[in-house]
Chemist: 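Pasting a structure here, questions to come.
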Amino acid sequence: MRGPPDEQCPLRGICAGSTAPAAGPGRFGLATERLRMSQPPLSQAILQLERRLGVRLFDRSGRKVTLTETGRAFAAECREPVAAAQHAQEVAGQVEAGLVGTLRLGVV
């Protein structure tokens, strides 16, 4: 996804790489690098998502962060739609740049 970090979707961090596991045991570091945002905004976005969904996606004990069973199920379900949205964005950019599309020629 493009745009400034504050426009990044926390689903991307959770679903595209299952955030904490992708970053190693209990770390958001790699996820924040991939999303090009700092850890506090990512943590806040995930907390807001958890509140909106009414579920806990992560177990936070001390400095260790792991996906809950609910978080693993949620991540599995949203990987495909997130990947499809990213692909659609890439295709749109390619079409806009003239790299993809239909060229019609007429001969007289």
Chemist: Can you sort out the partners of Glu80 under side chain to side chain donor-acceptor pair (under 3.5 Å), two or more places apart, ordered by chain and number?
Modeler: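 In terms of side chain to side chain donor-acceptor pair (under 3.5 Å), with neighbours along the sequence ignored, Glu80 is linked to no residue.
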Chemist: Is it possible for you to say whether Leu67 and Leu47 belong to one hydrophobic cluster, with membership spreading through side-chain heavy-atom contacts below 4.5 Å?
Modeler: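 In one cluster with Leu67: Leu47, no.
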Chemist: Give a yes or no answer on whether the side chain of Glu96 reaches the backbone of Val91 with a donor-acceptor pair at less than 3.5 Å.
Modeler: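 Here the side-chain-to-backbone pair does not exist.
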Chemist: Within the side chain of Thr68, is there an N or O that forms a donor-acceptor pair under 3.5 Å with the backbone of Arg56?
Modeler: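 Side chain of Thr68 to backbone of Arg56, a donor-acceptor pair under 3.5 Å: yes, one is there.
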Chemist: Is any side-chain heavy atom of Arg51 closer than 4.5 Å to a side-chain heavy atom of Ile46?
Modeler: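 No; the side chains remain at least 4.5 Å from each other.
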Chemist: Quick check: do Thr66 and Phe58 have side-chain heavy atoms less than 4.5 Å from each other?
Modeler: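 SC-SC contact between Thr66 and Phe58 ruled out.
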Chemist: Which value, rounded to the nearest 0.5 Å, describes the distance between Arg60 atom CZ and Ser43 atom OG?
Modeler: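 So the CZ of Arg60 and the OG of Ser43 are separated by 7.0 Å.
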Chemist: Compare every heavy atom of Leu49 with every heavy atom of Leu57, then report the nearest pair and how far apart it is.
Modeler: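 It is CD1-CD2, 3.9 Å.
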